[in-house]
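FYI, side chains are in, hydrogens and waters are out, and symmetry mates aren't considered; it's all heavy atoms of this structure. Chain letters run A, B, ... following the sequence lines, proteins first, then strands; residues in each count from 1.
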Amino acid sequence: MPELPEVETIRRGLLAGDACTPSLIGQRVCAVSILWERTVAYPSLQEFANLIQGTVVSEINRKGKFLLITVDERFVIFHLRMSGDLRMRRESDEPSQHDRLILHFCSGWKLTFTDTRKFGRVWLTPDPQTVIGKLGPEPLAAELTNEIFHEMLLARSRQLKPLLMDQSFLAGLGNIYTDESLFTAGLHPLRVSSTLTKKESSDLLAAIRLVLAKGILEHGSSIDWVYRGGNFQNHFQVYQRAGESCLRCGAPIQKFRVGQRGTHICPVCQPERG
DNA sequence: CACGAGACCTGTTCGC
DNA sequence: TGCGAACAGGTCTCGT
């Protein structure tokens with residue numbers, strides 16, 4: 001599920017709650033269940049359980065694909081990786097087969113971290129920088145200007161797709177939103193970052209922001225068996241559309257591998273040479 | 001520094 | 001129908 005728009009959707013849901021679910025804010029932790037030990041990246045299982053006990057949730061923030069939940073003077077930081085999901089459930093609700101960690105609240109609700117593939121991780125730390133300190137800038141932040149972004153691209157000599165997916169370069173893009181952004185910008189995934197003109201660079205940043213904003217507006221993408229109610233999958237221009245017609249020019253969408261990741265382009269709209 | 005391969009995991013889909 | 005291979009929204013580590 002989770003790239004920036006999906007994590008942001010989860011954050012907003014936990015923050016606001018809905019008709020059937022309370023907000024995560026204000027919940028007091030009365031116990032924790034750790035069902036897959038490797039889920040806890042830091043500290044030890046024992047310390048994690050001891051330190052979180054009795055704390056109260058006061059804030060939910062996001063940086064890139066990380067979700068930061070403030071509990072008293074510390075932060076519970078989740079990374080959902082490939083298949084993680086977070087939701088509020090009643091204590092009386094049936095446990096899910098893939099629950100990996102559960103925060104039990106005094107209110108009778110619980111926050112369940114469900115993660116089929118077990119790649120997801122959680123940290124509990126007083127200093128978030130130890131976990132998210134190496135992340136690049138938020139693509140949606142106003143401080144990231146066209147000039148800065150162009151300089152960032154010129155400072156590297158890397159293929160655009162792996163560079164955009166590098167979280168230390170830019171925080172939040174994954175496979176789907178990278179492919180969609182490159183298509184929107186009309187740039188080939190293998191273009192070398194240092195060759196981009198000022199215009200191409202600002203077009204790319206605008207494309208990234210447009211695609212991410214649409215993704216958030218549609219509550220993220222719901223693919224395969226993991227369904228959260230997002231709708232962005234119905235707006236894909238190239239992702240998962242190999243062989244289908246480009247919605248802009250009609251040429252068949254191509255799929256190939258870039259750095260072990262399935263990559264989708266329109267060969268006409270995204271020529272190899274700029 | 002840049003890049004590819006392998007590892008970490010489970011579940012679904014595809015090809016024979 | 002059955003079975004193995006390939007593939008999936010991510011990231012880390014290692015070798016070249």
Touch check for [X], heavy atoms < 4.0 angstrom, all strands: base, sugar-phosphate only, or nothing?
| X | answer |
| --- | --- |
| A/Lys134 | nothing |
| A/Arg261 | base |
| A/Gln159 | sugar-phosphate |

On the ring face of A/Phe183, is A/Arg248 found with NZ or CZ under 6.0 Å from the centre and within 45° of the axis?
yes
What interatomic distance, in whole Å, is found between [atom1] of [M] and the corresponding atom of [N]?
| N | M | atom1 | answer |
| --- | --- | --- | --- |
| C/dC7 | B/dA5 | P | 13 Å |
| B/dC9 | C/dG4 | P | 22 Å |
| B/dC14 | C/dG9 | P | 15 Å |
| B/dG6 | C/dA5 | P | 15 Å |

Any side-chain N or O of [X] less than 4.0 Å from the OP1 or OP2 oxygen of [N]?
| X | N | answer |
| --- | --- | --- |
| A/Lys65 | C/dG9 | no |
| A/Tyr239 | C/dG9 | yes |
| A/Gln260 | B/dA5 | yes |
| A/His98 | B/dT10 | no |
| A/Gln167 | C/dG10 | no |
| A/Arg158 | B/dC3 | yes |
| A/Lys118 | C/dT11 | no |
| A/Arg121 | B/dC8 | no |
| A/Gln97 | B/dG11 | yes |

Whole-Å distance between [N] [atom2] and [X] [atom1]?
| X | N | atom1 | atom2 | value |
| --- | --- | --- | --- | --- |
| A/Arg117 | C/dT11 | CZ | P | 13 Å |
| A/Phe66 | C/dC12 | CZ | C1' | 12 Å |
| A/Gln233 | C/dA8 | CD | C1' | 15 Å |
| A/Lys161 | B/dC3 | NZ | P | 14 Å |
| A/Leu80 | B/dC8 | CG | C1' | 17 Å |
| A/Arg81 | C/dT11 | CZ | C1' | 5 Å |
| A/Gln240 | B/dT13 | CD | P | 12 Å |
| A/Tyr177 | C/dA8 | OH | P | 17 Å |

Taking atom types as modelled and ignoring hydrogens, do the side chains of [X] and [Y] form a donor-acceptor contact shorter than 3.5 angstrom?
| X | Y | answer |
| --- | --- | --- |
| A/Ser168 | A/Asp166 | yes |
| A/His104 | A/Ser33 | yes |
| A/Tyr42 | A/Thr130 | no |

Confirm from the modelled atom types if A/Arg156 and B/dA2 form a donor-acceptor pair under 3.5 Å, side chain to base only.
no
Could you tell me whether the side-chain ring of A/Phe119 sits stacked on the base of B/dC8, using a centroid cut-off under 5.5 Å and a plane angle under 30°?
yes
If we check side chain to side chain contact (heavy atoms under 4.5 Å, CB included) with A/Phe236, which of these qualifies: A/Ile253, A/Asp179, A/Ile223?
A/Ile223
Opposite nucleotide pairing with C/dG9, Watson-Crick or G-U, both atom distances under 3.5 Å:
none
Just verifying a value: how many Å separate A/Leu135 CG and A/Gln129 CD, rounded to the nearest 0.5 Å?
8.5 Å
Pairwise side-chain contact, A/Ile69 with A/Phe75, heavy-atom cut-off 4.5 Å (strictly under):
no
